[in-house]
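All residue numbers refer to positions in the sequence shown, counting from 1. Please read these numbers as outputs of a predicted model, since none were measured by experiment.
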Amino acid sequence: MRPVGSKYLLEEPLGRGATGTVWRARQRETAGAEAAVPGQPGETVAIKVLKEELANDADVVMRFLRERSVLLRLTHPNIVRTRDLVVEGDLLALVMDLVDGPDLHHYLRDNGPLSPVAASLLTAQIADALAASHSDGVVHRDLKPANVLLKTDADGQMHPMLTDFGIARLADSPGLTRTHEFVGTPAYVAPESAEGRPQTSAVDIYGAGILLYELVTGRPPFAGGTALEVLHRHLSEEPRRPSTVPEPLWTVIERCLRKEPGERPSAENLARGLRTVAAGIGVHANSAQIDAALGVAALLAPDPSPAPVPDTPGAADPTQVLPNTGPGGSSAYDPSAATSVMPQTGPRGGGADPTSVMPPVPGPEEPHPWQSQLRAARDRNEQTQVQYLDPAQDPLRRRPQRQPQQPPQRQQPYPPSPQQPYPPAPQQPQRRQPPQRRQQPPPPQPQPYAPAPQPYAPQQPPPQQPPQREPRRRSANPVRIPGLGCLKGCLVMVVLFVVGGWLIWELTPLQDWIAQGKSYWQAIGDGISTVTDWISQIGDAKDTADQITEPPQ
């Protein structure tokens with residue numbers, strides 16, 4: 001378990017996103033007055049630890065501290081409440097309520113799209129949360145199903161809880177926006193965000209329209225192989241109405257996905273319009289509810305004063321001009337004005353002040369911790385220095401020296417007994433003596449002194465040396481031919497084939513067959529007939545010999 005600050009302990013990770021990791025944590029003591037929710041010891045909370053590159057950015061840290069009050073006062077039944085903000089060294093963390101439930105992205109992937117009525121009512125609750133945040137001047141800017149958690153109540157009903165408020169504002173620092181150019185996910189980003197135009201709370205309405213489209217169809221309206229292709233479709237293409245989307249609901253989606261921010265409805269009007277559509281497209285809707293759903297376009301009025309998004313960090317806090325307290329009382333600042341001289345306060349008109357003890361001069365101020373971290377990151381990114389290496393020390397150029405391994409010596413606890421040069425003589429049989437009475441040994445007498453130790457220990461035998469391997473003898477012929485073993489085998493086989501062919505040529509009638517021009521099969525047939533005739537002649541000769549040797553009867 002890892003401590004976060006002095007009041008929280010991280011237990012296990014719950015998820016990882018683009019800006020940080022969400023942990024299940026436990027509160028070990030009551031938070032102070034700086035927290036929105038003091039909490040109780042042992043209470044389970046969720047803590048989002050921001051990534052290291054955000055924590056190491058001094059502008060993000062200052063924005064984090066400046067917007068603490070805005071995030072802590074943002075409360076709504078459909079917003080995950082931010083309880084506390086932790087700043088400790090290189091760690092930035094948001095302490096939030098723990099919502100036990102899946103996010104909307106995983107729920108759609110596991111269960112498929114929702115019905116038009118359920119999608120309308122769920123998006124209406126999200127619009128209520130956006131209306132509350134827009135009234136406080138907070139724009140989410142990254143509305144997507146992954147940032148909507150589904151909380152299950154005691155009665156089994158699920159309610160959407162919008163999370164990650166203010167993360168986009170914290171991540172929108174100069175060092176990061178130069179790389180990403182916009183804050184958000186490409187599939188849900190508004191056209192003005194993609195083009196770099198001024199942004200207002202209308203970007204959240206555009207994200208709500210894409211989320212509503214995905215809830216009823218299972219996929220966002222604009223997709224592509226790359227982020228650039230997706231952004232181009234957001235700027236140039238109009239969404240197409242699927243056949244499963246009712247006409248009143250499509251009117252709401254089309255109005256939310258307008259390219260111009262001023263044509264999109266406000267969050268409050270969007271929630272009212274979605275509830276009207278849900279009542280008119282249900283199976284139990286009456287004629288008045290159906291007519292109200294068909295005329296939902298009249299309810300989708302745009303926001304007359306949308307909440308602006310600062311273009312640059314600190315744009316929401318204008319610079320204040322201090323009044324000029326000079327002698328003239330003028331508020332204008334003149335950089336070319338003469339340096340004013342402080343009046344002397346000595347006792348004698350223009351005399352110098354008496355000697356006084358000066359306060360101790362403070363030492364040089366230490367660098368800010370964020371500056372030291374930035375300097376450490378800059379040092380890590382410095383170019384690698386190349387140093388000259390002696391070739392004798394280069395392991396790639398010198399051959400490794402192999403040292404002969406000594407076999408382990410077996411330690412003998414006792415020295416071996418000396419061998420007898422001659423076998424022992426056979427013992428003579430002794431006569432049987434009569435049994436004698438055993439005498440008891442005398443009792444041991446106490447010795448006044450202990451026995452003196454031996455001056456020398458028994459000599460240990462010398463360690464056995466491993467047998468020396470005989471050096472390899474070199475052949476008389478110093479010239480080595482690569483592959484000579486294979487060449488010898490080939491030469492032997494060639495000689496055998498030549499000798500065998502010569503024997504077959506001389507000892508078989510192969511010459512006669514070739515001279516007579518017979519084919520292979522004719523020669524085989526003649527050979528078989530010759531062998532058959534020879535066998536039959538031998539049989540006839542045997543019969544004749546038997547007839548001659550038989551006696552006449």
Side-chain angles (χ1 to χ4, degrees), residues 76 78-79 104 114 116-145 147-148 160 162 165 184 187-195 197-217 220-222 234-235 237-242 245-281 289-309:
H76 190 269
N78 296 109
I79 294 179
L104 194 54
L114 305 179
V117 175
S120 301
L121 295 177
L122 189 144
T123 310
Q125 299 181 58
I126 296 176
D128 291 337
L130 293 176
S133 66
H134 293 171
S135 62
D136 282 345
V138 179
V139 183
H140 193 285
R141 300 175 63 191
D142 195 16
L143 182 59
K144 56 184 178 182
N147 286 336
V148 178
L162 195 55
F165 266 101
Y188 305 90
V189 71
E192 60 269 24
S193 300
E195 291 182 340
R197 293 183 292 169
Q199 304 174 38
T200 62
S201 57
V203 298
D204 289 345
I205 304 302
Y206 189 89
I210 294 183
L211 185 143
L212 180 58
Y213 184 98
E214 187 173 0
L215 289 180
V216 294
T217 61
F222 304 113
H234 278 289
L235 296 172
E237 293 187 11
E238 296 292 339
R240 298 181 180 179
R241 174 189 172 185
V245 178
E247 181 180 354
L249 184 58
W250 179 250
T251 302
V252 178
I253 295 176
E254 188 272 335
R255 187 66 66 88
C256 292
L257 298 183
R258 293 285 179 89
K259 305 299 181 185
E260 290 299 328
E263 299 178 0
R264 302 169 197 159
S266 63
E268 184 178 358
N269 294 335
L270 175 61
R272 185 184 302 108
L274 286 173
R275 289 187 172 89
T276 302
V277 169
I281 62 177
Q289 293 174 338
I290 294 176
D291 294 340
L294 293 176
V296 69
L299 301 177
L300 303 176
D303 192 353
S305 56
V309 175

Quick one: [atom1] on [X] to [atom2] on [Y], what's the gap to the nearest 0.5 Å?
X	Y	atom1	atom2	value
I126	N78	CD1	CG	8.0 Å
L299	L274	CG	CG	10.5 Å
K144	Y188	NZ	OH	8.0 Å

| message | Quick one: does any side-chain atom of S201 pair with a main-chain N or O of A307 as donor and acceptor, under 3.5 Å? | response | yes
If you compare all heavy atoms of [X] against all heavy atoms of [Y], which two are closest, and at what distance to 0.1 Å?
X	Y	value
P302	G262	CB-O, 3.2 Å
R241	P246	NH2-C, 3.7 Å
I210	P221	CG2-CD, 3.7 Å
P242	Y213	CG-OH, 3.6 Å
A271	D128	CB-OD1, 3.1 Å
C256	I205	CB-O, 3.7 Å

| said: Working note: V277 + T251, criterion side chain to side chain contact (heavy atoms under 4.5 Å, CB included); need CA distance, chi angles, decisive distance, verdict. | reply: CA-CA 10 Å; V277 169; T251 302; over 6 Å; no
Are [X] and [Y] close enough that some pair of their side-chain heavy atoms sits under 4.5 Å apart?
X	Y	value
Q199	P261	no
S133	H140	no
P248	I281	yes

| H234: ring-ring contact (aromatic ring centres under 6.0 Å, His included) partners, not counting sequence neighbours | Y206, F222
Residues that [X] engages under side chain to side chain contact (heavy atoms under 4.5 Å, CB included), provided they are two or more places apart:
X	answer
E238	K259
A132	H76
L215	L104, L108, L114, A119, L122, T123, L211

| Residue pairs fulfilling side chain to side chain donor-acceptor pair (under 3.5 Å) with at least one residue in residues 261-271, sequence neighbours excluded | E192-R264, R258-E263, S266-N269, N269-R272
| said: Between V148 and Q125, is the side chain to side chain contact (heavy atoms under 4.5 Å, CB included) condition met? List the steps. | reply: CA-CA 11 Å; V148 178; Q125 299 181 58; over 6 Å; no
| query | Tell me the salt bridge (Lys or Arg N to Asp or Glu O under 4.0 Å) pairs involving residues 200-209, sequence neighbours left out? | reply | none
| said: Which residue in the set T217, V245, I253 passes side chain to side chain contact (heavy atoms under 4.5 Å, CB included) when paired with L212? | reply: I253
| message | Between T200 and D303, does the side chain to side chain contact (heavy atoms under 4.5 Å, CB included) criterion hold? Intermediate values first, please. | response | CA-CA 10 Å; T200 62; D303 192 353; over 6 Å; no
